[in-house]
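In what follows, every chain begins at residue 1, and chains take the letters A, B, ... in the order their sequences are listed. Side chains are part of it too, since the values below use all heavy atoms of this structure and drop only hydrogens, waters and symmetry mates.
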There are 2 protein chains.
Amino acid sequence: MQSKADGTVGKALAVLELVAGFERPVRFSELQGSSDYPKATLYRLLQTLTKQRMLSYDPDSGTYTLGVRLVCLAHAAWKTSSLAPIARPYMDKLSEKTGETVHLAQLDHAQVIYVDKRNASQPLPMYSEAGKVGPAYCTGVGKAMMAYLPEDQLTDVLVQQSWHRFTDGTLTNEAALRAELVAIRERGHAYDREEHEPGIICVAVPIRNDSGRVLGALSITSSTLRSSLDKLDSFVPLIRDTTNQIARETQNWRFPETKSIA
Amino acid sequence: MQSKADGTVGKALAVLELVAGFERPVRFSELQGSSDYPKATLYRLLQTLTKQRMLSYDPDSGTYTLGVRLVCLAHAAWKTSSLAPIARPYMDKLSEKTGETVHLAQLDHAQVIYVDKRNASQPLPMYSEAGKVGPAYCTGVGKAMMAYLPEDQLTDVLVQQSWHRFTDGTLTNEAALRAELVAIRERGHAYDREEHEPGIICVAVPIRNDSGRVLGALSITSSTLRSSLDKLDSFVPLIRDTTNQIARETQNWRFPETKSIA
DNA sequence: CATTTTAGTTTCATATAGTGGAACCGCATT
DNA sequence: AATGCGGTTCCACTATATGAAACTAAAATG
């Protein structure tokens, strides 16, 4: 059931993911049912993870859930590995100025991961959104990032796309997407023309560092009811300005201190 | 440097924690410096974690950071393992009614983990707070939860406290705290009388399920400038009401569906 | 009440995966 | 050309994980 996972660590993480997949407290037997691991192996893996507090076990109901240590680690991950803490004030400003929903995403493996979100109208349930994943080939942020990927990485990402047709506008093959990527590079930003969800449109601009590497992307999302691509287009200079500022700031960030070695 | 970590998984997690500790991109040699693991072992561990996307490696700078997979997993963790998603609407209401800062915390190991936070006045940087840890013995939520722990778990938690004197009010030994816990059980809620930070006070109420097990705690925090313990006291019925509602809702939550087995 | 089933836990000989000292590589510095 | 340093690879050795099967407790069944 789970993908190739060499090493004990890989297996343990697969189990973690398995538990995560249930999105609720889960029994041993349920896990066994959706795993190829033999009973004893799965059991020990669960024990190990529990002892390590990556899982927590509720003796009352005999169920496992993801442990708090994970939340702590993620806290640290979010603070250091993602653009989110740097981008935060800029996103605030952007959402304030535009009055639209702002997303910050990063590319991981072949998926888009939303690491932060801002909604001008109401203070959003943010944590519940951060960490969410989406397809790369049919989202504004995904395409914006892919457009500036080096060829070897791009091919890697492309083969992993599902090309599922979410809407009539969805680009469902590599050729179509590649053409789109060229257009994106020409104009410097990407659109989502209701490709993922009907009625939902967005403009996205990649965040790239000095050496051109893609760090993430910012997008402004709206609906066809409230807005239009033309209207969103007017935000582009503002977004690009913001991505540039964020990119600039990441340069300094890399080594805030060069720990003095005694 | 790292604590006892049996098993490969334990070691890998220790390395993860090590990277997390730096709170910034970190070089191999730096990690080697703060780890007992021999070079090759550490190296392989890092490779494994990187391949598993728990770490990400930046070839430009030759540094490791925590990977986004952690953020994804945490997304799931937050949704299932913690009280946060259930408590969310109640916290909103509570912060709205009181106009004060509301914290939701859980007890893990011997530490308090803040899993959500609400601030009535301004929309808070929430993610940056969730996952934060604090000492149990000198926080309102910590004491509220400890007060209702079964004796064996309590002793376990108590021996792990640091008893550092943060302020004049800090309870710096087990005897003093145990006396306080009795008082908390009597009145049903805990205070933080500037025990952790000067000028910061709070009332906290534990969240307990039907069988009496402590699930977490809610607190309302304020400062001596804006408020007083007496003033906070008036919120107690409201908080207790909220904790009861949250506790009730967790009962249903445990098994939303019993996955039909074909 | 005895019996079967189900769910979870332990055992143990075996195989695998992890270990780490040492050698190696590439690059910057001298 | 030589030295030093950060990082990577090798490989004999062994600690660790493995998983079939046996076991236990508790629930379901007759």
Side-chain angles (χ1 to χ4, degrees), chain A residues 1-19 22 24-52 54-65 211 254-255 257-262, chain B residues 1-19 22 24-52 54-65 211 254-255 257-262:
Chain A
M1 215 115 250
Q2 51 266 322
S3 53
K4 74 284 139 187
D6 45 6
T8 316
V9 176
K11 286 173 203 165
L13 290 173
V15 170
L16 214 54
E17 211 92 54
L18 188 64
V19 174
F22 277 82
R24 64 180 172 82
V26 61
R27 278 220 159 73
F28 174 81
S29 54
E30 298 181 279
L31 291 168
Q32 204 202 156
S34 25
S35 162
D36 307 334
Y37 296 130
K39 224 193 327 187
T41 302
L42 181 62
Y43 181 73
R44 252 174 307 99
L45 243 20
L46 287 168
Q47 287 219 132
T48 305
L49 288 167
T50 304
K51 196 157 55 189
Q52 296 292 335
M54 296 298 280
L55 289 177
S56 79
Y57 178 71
D58 178 353
D60 290 3
S61 58
T63 56
Y64 295 89
T65 44
S211 46
R254 311 229 128 239
F255 293 105
E257 65 187 278
T258 313
K259 208 158 225 177
S260 58
I261 300 133
Chain B
M1 214 114 250
Q2 51 265 321
S3 53
K4 74 283 138 187
D6 42 8
T8 316
V9 177
K11 286 173 205 167
L13 290 173
V15 170
L16 216 53
E17 211 92 54
L18 188 63
V19 174
F22 277 84
R24 64 180 172 82
V26 61
R27 278 223 158 75
F28 174 82
S29 54
E30 299 181 280
L31 291 168
Q32 203 200 158
S34 23
S35 161
D36 307 337
Y37 294 132
K39 228 203 310 197
T41 302
L42 181 61
Y43 181 72
R44 252 174 307 100
L45 244 18
L46 287 168
Q47 286 220 133
T48 305
L49 287 167
T50 303
K51 196 158 54 188
Q52 295 294 333
M54 295 298 279
L55 289 178
S56 80
Y57 179 71
D58 179 352
D60 292 2
S61 59
T63 55
Y64 295 90
T65 44
S211 46
R254 309 231 128 238
F255 295 105
E257 67 187 278
T258 313
K259 207 158 226 176
S260 59
I261 300 135

State which of [options] makes the closest approach to the side chain of [X].
| X | options | value |
| --- | --- | --- |
| Q47(A) | dG7(D), dT10(C), dG18(C) | dT10(C) |
| T8(B) | dA17(C), dT16(D), dT11(C) | dT16(D) |
| A40(A) | dA21(D), dT16(D), dG7(D) | dA21(D) |

Please state how far atom [atom1] in [X] lies from atom [atom2] in [N], giving the value in whole angstrom units.
| X | N | atom1 | atom2 | value |
| --- | --- | --- | --- | --- |
| K11(A) | dT16(D) | NZ | P | 16 Å |
| R27(A) | dA27(D) | CZ | C1' | 12 Å |
| L31(B) | dT8(D) | CG | P | 12 Å |
| Y43(B) | dG21(C) | OH | P | 18 Å |
| Y57(A) | dT9(C) | OH | C1' | 10 Å |
| Y37(A) | dT18(D) | OH | C1' | 12 Å |
| Q32(B) | dG7(D) | CD | C1' | 9 Å |
| L42(A) | dA17(D) | CG | C1' | 14 Å |

Completion exercise
Ranking K39(A) and L45(B) by the position along DNA chain C of their nearest nucleotide, the one closer to 5' is K39(A)
Which heavy-atom pair separates [X] from [Y] by the least distance, and what is that distance?
| X | Y | result |
| --- | --- | --- |
| G62(A) | Y57(A) | CA-OH, 3.4 Å |
| T50(A) | Y64(A) | OG1-CE2, 3.5 Å |
| E30(A) | F22(A) | O-CZ, 3.9 Å |
| L49(A) | A12(A) | CD1-O, 3.4 Å |

Exercise for the section: May I ask you to evaluate whether S29(B) reaches the phosphate of dC5(D), defined as a side-chain N or O under 4.0 Å from OP1 or OP2? Expected result: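 Checking S29(B) against dC5(D): no side-chain N or O falls below 4.0 Å of OP1 or OP2.
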Problem - Parallel, tilted or perpendicular: rings of Y43(B) and F28(B) (30°, 60°) - result: perpendicular
Practice task
Scan T41(B) against the nucleic acid and name what it touches under 4.0 Å (heavy atoms): base, sugar-phosphate only, or nothing.
Solution key: base
Fill in the blank from the handout: Rounded to 10°, the angle between the first-five-pair and last-five-pair axes of the helix from dC1(C)-dG30(D) to dT30(C)-dA1(D) is 30°
Problem - Name of the residue among L16(A), V15(A), T8(A) meeting side chain to side chain contact (heavy atoms under 4.5 Å, CB included) with V9(B) - result: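 Going through L16(A), V15(A), T8(A) one by one, the side chain to side chain contact (heavy atoms under 4.5 Å, CB included) with V9(B) is satisfied by T8(A) alone.
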Exercise for the section: Return the 5'-most residue of the pair R44(B), F28(B) with respect to DNA chain D, ranking by each residue's nearest nucleotide. Expected result: F28(B)
Handout entry: N/O donor-acceptor pair under 3.5 Å between T48(A) side chain and R44(A) backbone
Key =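 Yes; judged by distance alone, with no hydrogens or angles, the pair exists.
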